Every structure is written in C-alpha cells, then in structure tokens.
Amino acid sequence: MTASTDLPPLDGPPPVDASLQGLDLLTVADFTERQLHNVLTLARWLKAVRRAGRPHRFMAERSLAMIFEKASLRTRCTFEVGMTQLGGHAIDLASEHERLGVRETVPDIARNLERWVDVIMARVHSHATVTTLAEYASIPVINGLSDLTHPCQAVGDLMTIYEHRGHLRGLQLAFVGDGFNVAHSLLLAAGTLGLQLFVATPAGYEPQPEVVARARALGTKTGAEITLGHDPREAVTQADVIYTDAWVSMGQEEEVARRLQVFPPFQVNTELLALAAPDALVMHCLPAHRGEEVTDEVLDGPQSVVFDQAENRLHAQKAILVSLVGVAAEATA
Ligand code: CP
Ligand code: NVA
C-alpha cells in the first residue's frame, strides 16, 4: 500500500466529512468531488487503523439492514464484516426478500426498517426499488448494486487505484466490455473526480446515454474526459488501468447465447494488455468468468489488482457507513 503519511493521525478522531451525514448513496454522483475525496481519505484511514490493530467502534450499537434480491459474495461479506469491525451489527434480510414488494410494499418495508435500524443497504434488480427505499426511509440507503449502478464498487476501485498509483488525476482509464452498471459507476466517478475514461463496448451494449450525459456534465466542472467507442484496442492503448466486467450480468441470463457471440473481441487477454502502459493495472469487480471477459493469465498475472479491489470494498464501505450514519456517541466518549 502507498505510504499513509498524508493521513490524519491514527490515534486521533476519524476524518469524517460531516456534510455526508444522513445522505443516501444511490449513485456515485450523490457525492460531490470533495465528499468523494473525503470518503476515500476516510477509507484509507480506516484501513490503516485496522492494520494497526486499533479499535474503531464508530458504529457501536448501530444496526445495518441488508437486502439482497440477487446473489453476492463480496458485498454480503464486506458489509457484515465491516459492521462487526465498527462495533455495530448487520442483519441479512435475504431470506425474507428474494424480490421486494411481494410480501409487502417497498414503501412499507422502508417505513418498518427505519424504526429499528440506522442504515439500509440493498442489492436490487431495478434501480427504482432502491430509490423508493430512499424516498420512504428517513435513514440513509446505500445501493449495493442495481441495474443502473454499483457505487460501492466504484469507491473501492478508486481507493485501489490511488493505493497503487498515489494519485487519480491524469491517469488514463479504459473500460472494456458491457456498458452496464459497473461501467456506469466508473463513468459517474470519472465525471465527479475529473478523470480520463475510455469506454469500449460492442455496438448495442453502450452505457445508457443519460449516464454518459451526466458524467460529461459533471466533467465540465472537473475536467473529466469521457470517450466512448467500439474498439477495445483504441481504448486500452497506453492506458494506465484496464477494467472489465462480466459479459452476462445477473438478470441477463436469457441473453447468454447472444452475448457470447458478440463479446469475444472484447476479451482482456495478453495481446490486449500489451497495448496498455507497461505497468497498467488490470481490474475487475468480480465475480470473473474466466476465459470469457478475461483470461486466467491476465487475471492471475502480476498486473492484476482484483483481490485488492475485493479487499478494499471492506474499507470503502466502512467509510461510507461511518460518513452517512455518523460516529456513535460511545466512540467519542
Ligand atoms: N463485486 C461485487 O459486488 O461482488 P458480489 O456480487 O459478490 O457482491
Ligand atoms: N455487472 C455485474 C456486476 C457484479 C458485481 C452484475 O450486475 O452482475
């Protein structure tokens, strides 16, 4: 990890941005440039605190309700472990809610949960479900992946790039593959922070125009350079980061045959990687479909940081939780 000399003292108070308290995190663009930078600093501070073995029970007596309409390894595990490390408690409601709104309405679920817990994290099929939860719950709601975005992933990814490069600005990022939720989050992160991002997808699998427009609108203030195209080679040439995601996302299973015909030219393999900067980072949100969007050789190779990304989901989400919910009185007493 990059030296943490730029971090506030580990024995001092957590560097929490008070302007984030009470906000929802439905897309990365819910945070301003400054707020996102502050969450990243807190995430690196919390990681250093954890590594130093220092107690950080900033969510003592606080509870998180977790809803999963879709499968998860990383999100499920890192939110629960994160709450444990922060001295709080996480409740997995997956068994009750395979698809929200069947047993009772989404607004009613929100109005129940807000009476008991301090924050909700939901992984949903439709982004509208997480916005409805946020509309009806007075407590913060965190999007743990929807069909629109995956903001927690983007925060962990930015942290990972920062650790490996020591900065974010000026780096050339390439996303190769499906212009879906993970690509959308990277676009919004690039717009918010003023990054250079080239997204290369097959024709017909481009990111949603509204998301691209939002990223570019954010970028007019921050200086982001957002480029779309259909040539993976053009996207990765001299890139500092190559990012890919599954060709078939959860919920798209009926499209498998078609997608497996269309996407092979977008595989991240040694030939494609050779076009990037010699020390380019290879990134993937995971789970990987080895031999499809990425080869074993590249995923397990020296330039891959995919398990750093997975680890950093833990620290990034701890920072998001503490920022949105606030530091428990017990922790500051
Ligand atoms: N990257 C990610 O969100 O992983 P899970 O689907 O396992 O949670
Ligand atoms: N695009 C993938 C991301 C999984 C973390 C999906 O939605 O299934």
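Remember, it's a predicted structure, so these values are computed and weren't measured experimentally. As the structure lists them, so they are numbered: ligands from 1, and atoms in each ligand from 1.
The L286 neighbourhood of ligand 2 comprises atoms 5 (C), with distances under 4.0 Å to a heavy atom of that residue. Listed by number with element, the atoms of ligand 2 under 4.0 angstrom from any heavy atom of N181 are 1 (N), 2 (C), 6 (C), 7 (O). Within ligand 2, the atoms closer than 4.0 Å to a non-hydrogen atom of L145 are 3 (C), 4 (C), 5 (C), 7 (O), numbered from 1 in the order shown.
Here the CG-CZ distance, from L193 to R34, works out to 12.5 Å after rounding to the nearest 0.5 Å.
Looking at D108, its side chain never comes within 3.5 Å of a backbone N or O of T105 through a donor-acceptor pair. Counting only distance, with no hydrogens or angles, the side chain of D118 and the backbone of S63 share a donor-acceptor pair below 3.5 Å.
At a cut-off of 3.5 Å, with distance as the only test, no side-chain donor of T192 or E33 sits close to an acceptor on the other residue.
When non-hydrogen atoms are compared, ligand 2 lies under 4.0 Å from neither the backbone nor the side chain of D147.
Residues I226 and R216 approach most closely at O-NH2, 3.0 Å, considering heavy atoms. Across all non-hydrogen atoms, the minimal contact from H127 to S146 is ND1-OG, 2.8 Å. Closest approach of D24 to I139, counting heavy atoms only: OD1-O, 3.7 Å.
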For side-chain hydrogen bond (donor to acceptor under 3.5 Å, both in side chains), just list the numbers for D308 and H164, CA-CA rounded to whole Å, side-chain angles, deciding distance to a tenth of an Å, and then say yes or no. CA-CA 10 Å; D308 293 345; H164 283 273; 2.7 Å; yes
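Listed by chain and residue number, the protein contacts of ligand 1 are S72, L73, R74, T75, R123, H150, Q153, C285, L286, R313 (heavy atom within 4.0 angstrom).
At under 3.5 Å, not a single nitrogen or oxygen of K70, backbone or side chain, sits near a nitrogen or oxygen of ligand 2. For a threshold of 3.5 Å applied to N or O pairs, the pair formed by M250 and ligand 2 contains at least one separation below that value. Polar contact check, S249 against ligand 2: a nitrogen or oxygen pair lies under 3.5 Å apart. The shortest N/O to N/O separation between D245 and ligand 2 falls below 3.5 Å.
Residue pairs satisfying the ring-ring contact (aromatic ring centres under 6.0 Å, His included) criterion with at least one member in residues 194-220, sequence neighbours excluded, are listed as follows: Y205-F263.
Paired with V39 under the rule side chain to side chain contact (heavy atoms under 4.5 Å, CB included), one option of V16, D17, L20 passes, and it is L20.
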